[in-house]
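Letters A, B, ... are given to chains in the order of the sequence lines, protein chains preceding strands, and every chain is numbered from 1.
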Number of protein chains: 2
Amino acid sequence: MTAPLALAVDFGGTKVEAALVDDGGRLVPGSRARRGTGADAASAALDRAVAEVVRHALRAMPEQTAPVGVGIGSAGPLDLAAGTVSPLNVPAWRRHPLVDRVAGLVPDVPVTLALDGLCIALAEHWVGAGRGARNLLGMVVSTGVGGGLVLDGRPAPGPTGNAGHIGHVEVGGADDPCACGGSGCLEAVASGPGTVRWARAHGFTGTTGHDLARAHAAGDPIALAAVDRAGTAIGRAIASAAGLVDLDVAAVGGGFSRVSPALLEAARAALARRSAFDFVRRTRIVPSGLSDAGPLIGAAALVHLARRSD
Amino acid sequence: MTAPLALAVDFGGTKVEAALVDDGGRLVPGSRARRGTGADAASAALDRAVAEVVRHALRAMPEQTAPVGVGIGSAGPLDLAAGTVSPLNVPAWRRHPLVDRVAGLVPDVPVTLALDGLCIALAEHWVGAGRGARNLLGMVVSTGVGGGLVLDGRPAPGPTGNAGHIGHVEVGGADDPCACGGSGCLEAVASGPGTVRWARAHGFTGTTGHDLARAHAAGDPIALAAVDRAGTAIGRAIASAAGLVDLDVAAVGGGFSRVSPALLEAARAALARRSAFDFVRRTRIVPSGLSDAGPLIGAAALVHLARRSD
């Protein structure tokens with residue numbers, strides 16, 4: 001008998017991926033596929049992209065077998081009860097019935113939806129940098145800032161499935177306007193685009209996170225200040241989160257999290273400033289322990305971990 | 001057979017109280033006692049105050065019976081594993097073995113410790129404004145700002161017992177220095193003393209929250225602005241918390257929460273600004289449904305609710 005396989009789907013603002021993942025968190029070779037998404041895509045084109053990656057992954061199933069379940073991680077917000085998603089950076093999808101669409105592609109297999117940030121957190125807890133933690137925040141610092149929570153060793157999606165939006169925890173002293181309608185949100189301050197925006201307002205001439213990484217490595221003072229500001233904001237938001245839910249670990253991944261080791265060093269320094277609160281300062285801020293397949297592994301965790309606890 | 005009774009103890013920065021509480025959340029008449037505490041009290045005097053209120057409450061027990069358990073709510077931070085408390089505003093107690101001290105007064109009865117904010121949250125969920133909520137934040141806005149979380153219908157103390165420190169969630173745009181070592185914390189901005197401090201810096205001549213309430217009622221423009229600033233900060237911190245843990249209800253009590261209905265109106269307006277996030281805006285901000293015995297009822301909930309789920 002072969003190991004049980006989950007079909008994992010990760011839907012985000014720039015791409016959708018699917019793969020088969022076994023119950024040890026390993027991808028089945030040849031099963032992974034990827035298509036672009038993007039803010040300008042029409043709804044039907046996005047549905048087609050999802051169908052293509054799902055069909056590609058399913059072709060890697062052994063003959064006459066089906067996945068034991070489908071796990072979908074999606075950019076938020078979402079509505080768990082309705083099975084719909086409304087990704088902030090994908091305007092064509094508002095209350096889009098993603099669960100029904102995927103279920104139609106994989107008949108008679110249960111489909112579980114979660115915020116992509118929760119999938120990341122589950123993957124860090126299962127096979128990444130947060131193994132053994134009781135309370136963990138998984139974070140992605142990239143085009144946006146997202147996350148998810150494992151509390152008391154279990155996924156904590158919240159009543160609507162949207163818990164873990166660390167990108168919309170505010171940062172003291174910051175008033176950068178945010179797409180959510182608020183201001184001073186971590187995402188507005190410390191995402192790749194947010195950090196580049198601040199640097200450009202202070203004279204930086206590059207336009208991307210990669211430009212900023214190169215300038216930082218070369219010792220450019222504006223780039224140094226910009227990365228320090230972003231890292232400090234990340235540490236302050238983690239301190240707020242640790243005060244609120246009592247965290248063992250914050251595992252930070254995503255493209256912009258690798259702009260420089262100075263980013264997480266600044267975050268740790270900001271956390272250390274909570275001198276009166278040992279329980280906040282004890283939170284370990286660590287780089288993600290996941291490969292770029294982390295979101296897929298996390299989507300598969302929705303299936304495999306639920307089977308374990310049955 | 002009489003109803004099971006819990007001995008409830010509430011230890012805070014200004015007073016300690018104890019009472020007997022039945023399994024419906026009702027105080028036993030004549031059992032409640034109170035002593036002052038305060039930042040200047042010596043450790044032995046604080047121990048004596050605790051012993052006096054505990055002994056007073058125990059005298060109300062029916063002959064030949066003992067409480068089924070002792071629940072202690074304490075100002076934080078605390079260390080659940082060690083059974084010690086280090087209340088920020090009570091410098092004489094650092095890692096003070098409060099559980100052992102109380103256990104010595106009530107032999108052979110199990111003692112449970114929790115953050116006072118968690119007790120408030122449990123009481124709101126049990127008999128207050130949060131009945132039926134799945135995810136609830138209980139808040140106290142007073143000399144400080146504290147709180148606690150009920151998540152998925154259960155107490156969420158966190159690994160060290162300190163979850164719920166909403167007073168140390170930062171507020172975007174604010175940089176008021178905080179006793180925790182951070183800045184821009186909700187407690188620094190929106191506590192009674194924090195709000196009075198801001199008003200005085202803008203020309204207000206009163207010195208207390210009561211002065212501010214009177215000036216607000218009389219339409220004093222500085223008092224109006226100060227209460228609006230505090231309420232807005234409360235709403236922004238609740239928005240951050242709702243983004244992070246996905247809240248149904250935030251129930252707000254404490255002396256300064258009653259400075260004016262305008263306080264929670266400003267909080268609701270700040271929450272409504274998260275226009276892109278239905279799941280944040282759906283959070284209901286409501287006044288506490290508890291009497292001034294709420295902290296004692298919550299401490300008793302530690303005992304009675306644990307017995308129910310056994």
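Interface remark: of the candidates A:A272, A:G243, A:S275, A:G243 forms the most heavy-atom pairs closer than 4.5 Å to chain B. Across B:R273, B:R274, B:R134, the residue that shares the most heavy-atom pairs under 4.5 angstrom with chain A is B:R274. Counting heavy-atom pairs closer than 4.5 Å to chain A, the top-ranked of the candidates B:A242, B:P77, B:S240, B:A241 is B:S240. For the set A:D176, A:T160, A:V169, A:D175, the count of heavy-atom pairs under 4.5 angstrom toward chain B peaks at A:T160. Interface check for chain B: of the options A:G181, A:G167, A:G184, the most heavy-atom pairs under 4.5 Å are formed by A:G181. Between chain B and the options A:P159, A:G172, A:A163, heavy-atom pairs under 4.5 Å are most frequent for A:P159. Taking chain B as the reference chain and counting heavy-atom pairs below 4.5 Å, the highest number among A:G173, A:G147, A:G182, A:G158 is found for A:G173.
With a 4.5 Å cut-off on non-hydrogen atoms, A:D278 touches chain B through its side chain but not through its backbone. Residue contact with chain A, scored on non-hydrogen atoms closer than 4.5 Å, involves the backbone of B:A174 exclusively. Neither the backbone nor the side chain of A:R281 has a heavy atom closer than 4.5 Å to any heavy atom of chain B. Residue contact with chain A, scored on non-hydrogen atoms closer than 4.5 Å, involves the side chain of B:C185 exclusively. Proximity to chain B (any heavy atom under 4.5 Å) is shown, for A:L244, by both the backbone and the side chain. Looking at B:I166, the atoms closer than 4.5 Å to chain A (heavy atoms on both sides) sit in the backbone and in the side chain alike. A:L149 touches chain B through its side chain: at least one heavy atom from C-beta onward sits under 4.5 Å away, while N, CA, C and O do not. Contacts between A:A179 and chain B at a heavy-atom distance below 4.5 Å involve the backbone alone (N, CA, C, O). With a 4.5 Å cut-off on non-hydrogen atoms, B:D248 touches chain A through its side chain but not through its backbone.
A donor-acceptor pair is defined here as one N or O able to donate and one able to accept, closer than 3.5 Å; no such pair exists between the side chain of B:S43 and the backbone of B:W93. Between the A:H125 side chain and the A:A133 main chain, a donor and an acceptor come within less than 3.5 Å of each other. Distance alone, capped at 3.5 Å, places no donor-acceptor pair between the B:E170 side chain and the A:E170 backbone.
Of all the heavy atoms in A:G12 and A:V90, the pair that sits closest is O-CG2, 4.3 Å. Across all their heavy atoms, A:L247 and A:R282 have their closest contact at O-NH2, 3.4 Å. Closest approach of B:L302 and B:C119 over heavy atoms only: CD1-SG, 3.9 Å. Heavy atoms only, all atoms of each residue included: B:V171 and B:R236 are closest at CG1-CD, 4.1 Å. Shown here for A:A129 and A:V286, the closest heavy-atom pair between the two residues is CB-CG2, 3.8 Å. Residues A:V85 and A:S74 approach most closely at CG1-OG, 3.5 Å, considering heavy atoms.
The 12-atom threshold is exceeded at CZ of A:R94, counting heavy atoms of other residues, nucleotides or ligands nearer than 6.0 Å.
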